[in-house]
Structures are given as C-alpha cells and as structure tokens.
Protein chains: 2
Amino acid sequence: MTASPSPAKVPTRERILYATAELFRRQGYSGTGLKQVVAEADAPFGSLYHHFPGGKQELGEEVIQMAGAFFQALVTAIYDEEQETAASVRTVFTRAAETLEATGYEDACPISTVALEVASTDERLRRATAVVFAQWTDALTERLGNREKALAVIAALEGAFVLCRASRNTEPMLAAGEMAARLVTET
Amino acid sequence: MTASPSPAKVPTRERILYATAELFRRQGYSGTGLKQVVAEADAPFGSLYHHFPGGKQELGEEVIQMAGAFFQALVTAIYDEEQETAASVRTVFTRAAETLEATGYEDACPISTVALEVASTDERLRRATAVVFAQWTDALTERLGNREKALAVIAALEGAFVLCRASRNTEPMLAAGEMAARLVTET
DNA sequence: GTCTATAGAAGGATAGAC
DNA sequence: GTCTATCCTTCTATAGAC
C-alpha cells in the first residue's frame, strides 16, 4: 500500500454536505447562503439542486442527520474506551473543552444552533433535530440506566457549548462536566 | 383610577425593541429581517435607522442587553421569593417548563439562539451575549456561594431549552431541574 | 452529471421630503 | 421625528446548454 499521489476524489455530493455542516456550525442555518456553500465545496451551483432537489431544506435535513450520527459515534467511542461511567462522562466534557479551545471556539456541535433557529419556523427540520436528540438520549439512557440523568447530562453539555462559545472560555464546560460526573456517580 | 380608554402610547423606539426581541427568539438573528421588524412594530422603516443609526447590529446589541436584564430580573425574583436555594432552583426550571408549554414552545430565552449565531461571526454581538451570561453567572454565584455550581446550573437551563424546543416536550427541562436542585443541595 | 445565466423576491441601508 | 421611495446586494430557485 503506497500513499496515493492523487487522492481519491471526494464526490461532489459529499463535499457539499461537509461544507454545509462546517458553515452551519459557524453561521447557523439562516446565516448560511447556498452560494457560499457551493463556493466552499468548490462545486457548481447547479450540482446542489441536482443532488438536493428539495433545496436548502433537504440539504439541511441531511446535514442534521449526518452531524447527529457523527457526534453520537464520537461520544459512544469515548463511553466504550472508558471502564467506569463517571469517568467516561467526564472525559466527554473535557474533550469537548479541548476541542473548543483548539479550534478557536468554532468547532462546536452544529445541531443546537440549527435546532434553535428552526424550532418555530420549519417543522420538517425541527423534527430532524428532535430525532437526533432522541437518539442521543436513548443511547445514553442505555449506558447510564436512567433516562432522567441522560437528559440532564445532554442538556448540560449543549448548554455549556453555548456559554463557552459566547465567553470564549472553557470554564463552563468543565464545571458542567464536573456536575454531570457527580450526578452519574450518585445512586 | 379608571381604565384608560386610550392607552398611553408606547414610544416607537420601544415598540421596535420589543418586536425585535420577539422575532429573535422565534427566528434568530440572521432569520429576522428589518422590514419584518418594522412591520411587526408598526413603525415606518426610516424610524428604525433614526433610533438605531448603527442598523441591525446596534439594534441587536440593545435587544441582547434588554433581554438579558429582563430574564435576570425574572430569575432573581424567584430566588428572592423562595426561602431555600434548592427549592428556588427547582422553581426556576418548573416555571420555564410551564412557560414553554403555555406558549407552544416559542417563548424561550432569545439569548442562546443569538449567542450561537453570532459567536463566530460578529465580535460586537458576541461580547454582548458574553456580558449577559457573565452577569447571570455572577448573580447566581452570589446566591449559591459557588461559581462552579452556578455555571453548571445555567448551562443545564440553557441546554434544556434547546432540547425542549426541539422535542416539543418539557421532560428535559424537568430532568435538568431535578439534577440542578440536587447539585445545589450537595455540600 | 456538470456548469452558466438569470429570474424573482427579500435582504440591509440611505436620501430626502414633510 | 415621521414616512416614502429607492439603491444595491444577496438570497433561493429554475432553465437550459453542454
């Protein structure tokens, strides 16, 4: 196996999805224009409507689903590599804090931003965000054996993202992680 | 004192501020157009730029400050009417859940939505949201006597708003409130 | 499937009469 | 301070050549 001199070309459709996800988490749904998307994805404008005939809404829905699955896998991997649940919860929060700091507080989960924007304005996208959160909740409930705690931990994580991005400081994420870990330890 | 037949006229400037706050929490910053603002405020378009020469950014900054002060007063009032801190924390979350349900999950705090949208795109507005969160944190730290807990409680509250609005269900808010109350009770 | 051009509406902002 | 008209840009979306 040699390093490929000309890397396998990423399909246009995927380039558009990744570029949109990237822009959504920095600018949100309304703040991201489709012309900006195709420029970032280095794709012609017509390709967007070829691959996503439903336009911005269909593209947004797929991005929400893709990002939701991606972050679930990320978190699940951490839960699986740690032995103890309290430790794994803490690790999720500290990793999030590290990522925020390393990326200039830009590389945050795109779901929350879009979820708040569309909750009262676009029923189809609202449902898509609801499904993602429900999947996260179910996965964590299984691991913690308690649905109420799972909901609280996810809420703390998402809320901490908001506070950290606004203040450009990881303190809220670490504080929320400490609380979440303690909560999980309790009987 | 008789009921006033012709109610005291609300100044144009304030009507614009209230209308903007209302639209921000439903549609966010990018999703709200200035033409829509003046239509909702029943004000002529020129008045907006007369009262807010800095345009959308200046208007947004004032709305963030106004909404921040309003919600701080709301929460502070609850903390003052209850005797015990754990009970007051729980009351804040249950009241939030009631309000969400009563308003069709629309009447949520506008700060988070705007905060996530502008965190990486508008430094002036980002700072405005950071100041609001810092004020909330300071006020709650004073009452709980612990900054780390205060941050975690606020994160849980904001994150629960996201989950509730997405799922159109108050369960996350009640679960987060339960956890926050327990956290406050701990030594 | 790729790409260009453009339609038609809405965006923020400004000028200037009143 | 109030209000109308308008400028220029950007938006989503479509048509149609290649």
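Per chain, numbering begins at 1; letters A, B, ... match sequence-line order. Bear in mind that the values here come from a model prediction, so they are computed numbers and not experimental data.
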Measure [atom1]/[X] against [atom2]/[N] and give the value in whole Å, please.
| X | N | atom1 | atom2 | result |
| --- | --- | --- | --- | --- |
| I16(B) | dG1(D) | CD1 | C1' | 11 Å |
| K56(B) | dT10(D) | NZ | P | 15 Å |
| L34(A) | dT6(C) | CG | P | 20 Å |
| E40(B) | dA10(C) | CD | P | 16 Å |
| K35(A) | dT4(C) | NZ | P | 13 Å |

(request) Kindly state which residues belonging to residues 46-54 of chain A come within less than 4.0 angstrom of DNA chain C, counting heavy atoms of the residue only, listed by number. (result) G46(A), S47(A), H50(A), H51(A)
(message) Under 3.5 Å, is there a donor on one side chain and an acceptor on the other for R25(B) and T113(B)?
(response) no
(request) Examine the side chains of R147(B) and T137(B) and answer whether a donor and an acceptor come within less than 3.5 Å of each other. (result)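 Checked: R147(B)/T137(B) side chains show no N/O donor-acceptor pair below 3.5 Å.
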(request) Return the nearest nucleotide to the side chain of T12(A); candidates are dT4(D), dA13(C), dT2(C). (result)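 Closest of the options to the side chain of T12(A): dT2(C).
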(request) Output yes when R90(B) and E178(B) qualify as a salt bridge under the 4.0 Å nitrogen-oxygen rule, no when they do not. (result)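 E178(B) and R90(B): salt-bridged.
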(request) On DNA chain C, check which nucleotide each of F45(A) and G55(B) is closest to and give me the residue with the more 5' one. (result) F45(A)
(request) Answer with base, sugar-phosphate or nothing: what part of the nucleic acid does T32(A) contact at a heavy-atom distance below 4.0 Å? (result)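 T32(A): backbone/sugar contact only, no base atoms under 4.0 Å.
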(message) Before you tell me yes or no, could you show the steps for E186(A) and R182(A) under salt bridge (Lys or Arg N to Asp or Glu O under 4.0 Å), namely the whole-Å CA-CA distance, both residues' side-chain angles and the distance that decides it to 0.1 Å?
(response) CA-CA 6 Å; E186(A) 283 176 10; R182(A) 248 185 263 173; over 6 Å; no
(message) Run I78(B) and L74(B) through side-chain contact (heavy atoms from CB on, under 4.5 Å) and show every step you take.
(response) CA-CA 7 Å; I78(B) 294 177; L74(B) 205 74; 5.5 Å; no
(message) Students often mix this up, so state it plainly: with edges at 30° and 60°, are the rings of Y49(A) and F45(A) parallel, tilted or perpendicular?
(response)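 Taking F45(A) first and then Y49(A), their aromatic rings sit tilted (interplane angle of 30° to 60°).
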